[in-house]
Amino acid sequence: MNKPNQDVAATSSRYAKNYEPASIEPRWYGEWVRRRYFHADAQAPKAPFAIVIPPPNVTGVLHMGHALGCTIEDIFTRWKRMAAYNAMWLPGTDHAGIATQMVVERRLREKEGKSRHDIGREEFVKRVWEWRQQSGDQILEQLKRLGCSLDWDRLKFTMEPSYSEAVIEAFVRLHEEGLIYRAERLINWCVSCRTALSDLEVDYDEGKQGELYEFAYPLLDGSGEVVIATTRPETMLGDTAVAVHPDDPRHQAKIGRKIQNPLTGYFFNVIGDPVLVDPTFGTGAVKVTPAHDPNDFESAQRNGLPFISILDEAGVVTAAGGPFAGLDRFAARKAVKARLKELGLERGSKPHVHAVGHCQRCETVVEPMLSTQWFVKMEPLARPAIEAVEQGKTRFVPESWSKTYFHWMRNIRDWCISRQLWWGHRIPAWTCGACAKITVARQTPAACVHCGDAALTQDSDVLDTWFSSWLWPFATLGWPKETRELKTFYPTTVLDTGYDILFFWVARMMMAGLHFMKKVPFRTVYLHTMVTDEKGDKMSKVKGNTIDPLVVIDKYGADALRFALAWLATHASQGKNIKFSMNNVEDARRFATKIWNASRFALMNLEGFDAERFADRVADGPDRAELDLPERWILSRVQRAIEAVDEALEDYRISDAAQAAYHFVWNELCDWYIELAKAALAREGAADSELRWKVQGALVTALEAAMRLLHPFMPFLTEEIWQQLPKSSGAPQSIMITLYPVKDLRFIDDASEASMALVQKVIVALRTIRAEKNIAQTARLTAILTVGDDYKKTILEGYREIVAEQGRCAAVRVRRAGSTTNIPHLVG
RNA sequence: AGGCACGUAGCUCAGUGGAAGAGCACUACCUUGACACGGUAGGGGUCGGCGGUUCAAUCCCGCCCGUGCCUACCA
């Protein structure tokens, strides 16, 4: 017997009735880290298994979504590590451009009453780094509390120098390949964040009841008017045409007529545009505002219309708005309406449901604006990423998400990647003071590549955060260098993340991975659900319905939280969430307590047990060891449990795996085997008999296997118990580095399972009779079993003692009858 | 508007072309030396509705009703 970890195991709590996680968890986590069990060596001659963490915001705090994802990722990682894979789970954090900048700006305003402009860019960026230093990475400490077996030696941050190098490299290469371009386009502009946003960063709140106003534009020749409809009257200041359908008999004749904008005095024409205009909608005439509407922008390109930008970056009307210049966009809306009414051009309004775009970060209404920005040309990148999924090189779990992926990828639009922020990767582009042309370079260039002038100014914009995130699976492994890490761990095995960032992150990683690495970034994408409160409402601080994982861990233990989440982690059907309730955690804690007490029972009954001797006896299987029915049965059931858990994990059915382990431990090991063991150990003469050590051996064997089986789900509890179980010499120092249970065919015993099933059925029948007839528990009656065949008779006679013990009967008699059913009787 | 899902026990959810499952809740009994964060036994579902395919449908197909989510430039 080796006695490792005596100093570590909590001997004081050994006989405590309830499991006390608070004293046990930090101790084991420290030990695991100290012994470097989480570290995967890229040179190890084992099959690789790699997961990269979805990097949380560096200044973020752990929420239930992280807890779910990281529990899932840790389950996979610990499972595969025990299954002898070179399992590597890479940790890291994201600089989270807008989100972090906003947090620091708010602090600056609150603490010093200053804006970022007051202190300037350099100082502001310094402040962000200071903030990251101070409050950053606390989420990583929180992940440790959860028990995450992350390879801390590989910690990455998306703004660290080596990662920035990868970001610059990716930008420059795509630019060289013509896949990044700079152009004046209609983009989404947040007037509060004062930056451009990608299409994905705009949220549309569906079904807002608004108003559709109708106004008349008089035709200049006095021949009448054309009535248009709009939800944004202020944009009339920027109209450069009115479009009608060329086949619309109501408006056909007006095409080519001139209009003078009654608000600004500008002149424009009525044009025919069959693409823009749906003659069945509204009045059949559409005002065209090329600088503030995506459709109108395209119409203007088709028809050669001018663009008038009427809003500045703050959302205030520009000089182009004539008399309305200087008004905020919403004030301008009112003023324009009032002016049109004054002019007698109002033609009514009707209620209208339409979706308004809001900034994902600050919820401000987003304005479509004309702006010069950097874009990634997506279609050429999307094509291989579509094919890879079609060909099964990467698969989605659940599979139905691939449809969503295809739909988005096949309709993909170019990605606006420049942001007018200060916190992020500076765009590696310099404008020449002499020729005004742009030089893109990996390092600050000495001179303009076009004219050789040295007066270069770097682009002041930074890149969208996701432009660094999409490189995560390979930039974290050393790209663009050809590292051993990349060779070993790329493509990664599984990516686990919430379905809410399928487009933001997963799809883009597919594109970047295939483009830069020529291989998919991961073989499987496991998409988990969103965690909501028990009513199904999204958890939010504003609503006050959040559940803090750390509070849960403090009160119930990390294992209880993890097991609760694993239990709930069924496949993510679209639009379905995990309704998380504290009841789930309480249930999981009850399970932990149950395991703890089952272990106590075992440990209290191991006197005289010799693990070495038992191991020798069963080394050749149960027959040689001459085990009895209950022992054969439980050791066979262990194999079934192992099989069920393993199959479920292979299929990413985490909930099924957790439930299979739960069912085995509670309903078979505890409810039946421990009860059978109690009776066996209590039998006369059991003290020194063979029976005693066989029971002890089966109990320890089943329990030990259950601990290994459950370790990925409940790492702390299982380690604590495992350490205390008797083991043969040469056993590893920690459950973490044992082998995950593998089904042992020699112990699968169909005959014993069938016999035991019959015995169980009879016992339950006897108990039912007792309960239904209100017979006292203490009454010791004679059970008379009438069975239909000799086979059953033989079995039941053979295990009469067990039936009597478990059925609380004084005696059991078995009779043969013509009938095919078992008819138990109790006779007083 | 289009797309994707879902509708199974009081609640939350698994599941399968061949005699309906889990956890919780509920009822009765039990403080027995592992555990009352426990034990034993039990009640409870025409598997949303209507048709169709099949020897057989909760499962496959069609329609309908209800719910949720995603995408979209509807002035």
*asked:* For A:Phe563 and A:Tyr662, take the angle between the two ring planes, folded into 0 to 90°, and tell me which bin it lands in: parallel under 30, tilted 30 to 60, perpendicular over 60.
replied: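 Taking A:Tyr662 first and then A:Phe563, their aromatic rings lie parallel (interplane angle under 30°).
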Would you indicate, yes or no, if [N] has its OP1 or OP2 atom less than 4.0 angstrom from a side-chain nitrogen or oxygen of [X]?
X        : N      : value
A:Arg413 : B:rC73 : yes
A:Lys594 : B:rG39 : yes
A:Arg590 : B:rA36 : no
A:Lys678 : B:rG33 : no
A:Thr768 : B:rG42 : yes
A:Thr570 : B:rA14 : yes
A:Arg232 : B:rA75 : no
A:Arg589 : B:rC37 : no
A:Trp408 : B:rG2  : no
A:Lys576 : B:rA14 : yes

Scan [X] against the nucleic acid and name what it touches under 4.0 Å (heavy atoms): base, sugar-phosphate only, or nothing.
X        : result
A:Val764 : sugar-phosphate
A:Leu276 : base
A:Asn584 : nothing
A:Thr593 : base
A:Asn605 : nothing
A:Trp567 : sugar-phosphate
A:Glu534 : nothing
A:Tyr19  : nothing
A:Asn577 : sugar-phosphate
A:Ile578 : nothing
A:Lys579 : sugar-phosphate

Can you tell me how far [atom2] of [N] sits from [atom1] of [X], to the nearest Å?
X        : N      : atom1 : atom2 : result
A:Arg410 : B:rG2  : CZ    : P     : 20 Å
A:Asp656 : B:rG15 : CG    : C1'   : 9 Å
A:Asn597 : B:rU31 : CG    : P     : 20 Å

For [N] and [M], measure between their [atom1] atoms and round to the nearest Å.
N      : M      : atom1 : answer
B:rA34 : B:rG39 : C1'   : 12 Å
B:rU16 : B:rU58 : C1'   : 9 Å
B:rG33 : B:rA25 : C1'   : 31 Å
B:rC47 : B:rC13 : C1'   : 13 Å
B:rA20 : B:rG43 : C1'   : 16 Å
B:rU31 : B:rG44 : C1'   : 29 Å
B:rG3  : B:rA75 : C1'   : 24 Å
B:rC60 : B:rG17 : C1'   : 8 Å

With a 4.0 Å cut-off, would you call [X] and [Y] a salt bridge?
X        : Y        : result
A:Lys535 : A:Asp533 : no
A:Arg640 : A:Glu668 : no
A:Glu647 : A:Arg653 : no

Please round to the nearest 0.5 Å and tell me the distance separating atom CD of A:Gln806 and atom CD of A:Gln760.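 Output value for this atom pair is 9.5 Å.
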What nucleotide among [options] has an atom nearest to a side-chain atom of [X]?
X        : options                : answer
A:His407 : B:rU71, B:rA34, B:rA75 : B:rU71
A:Asp278 : B:rG42, B:rC37, B:rC74 : B:rC74
A:Ser400 : B:rC24, B:rA34, B:rA5  : B:rA5
A:Val277 : B:rG42, B:rA75, B:rC35 : B:rA75
A:Met604 : B:rG42, B:rA34, B:rG23 : B:rA34

Does the ring centre of A:Trp596 sit less than 6.0 Å away from the ring centre of A:Tyr19?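 A:Tyr19 vs A:Trp596: aromatic centres under 6.0 Å.
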Q) Looking at the rings of A:Phe591 and A:Trp567, which for Trp means the six-membered one, are their centres under 6.0 Å apart? A)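 No, ring centres 6.0 Å or more apart.
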Let's test this: given Watson-Crick or G-U wobble pairing with both distances under 3.5 Å, identify the partner of B:rA41.
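B:rU27 is the nucleotide pairing with B:rA41.
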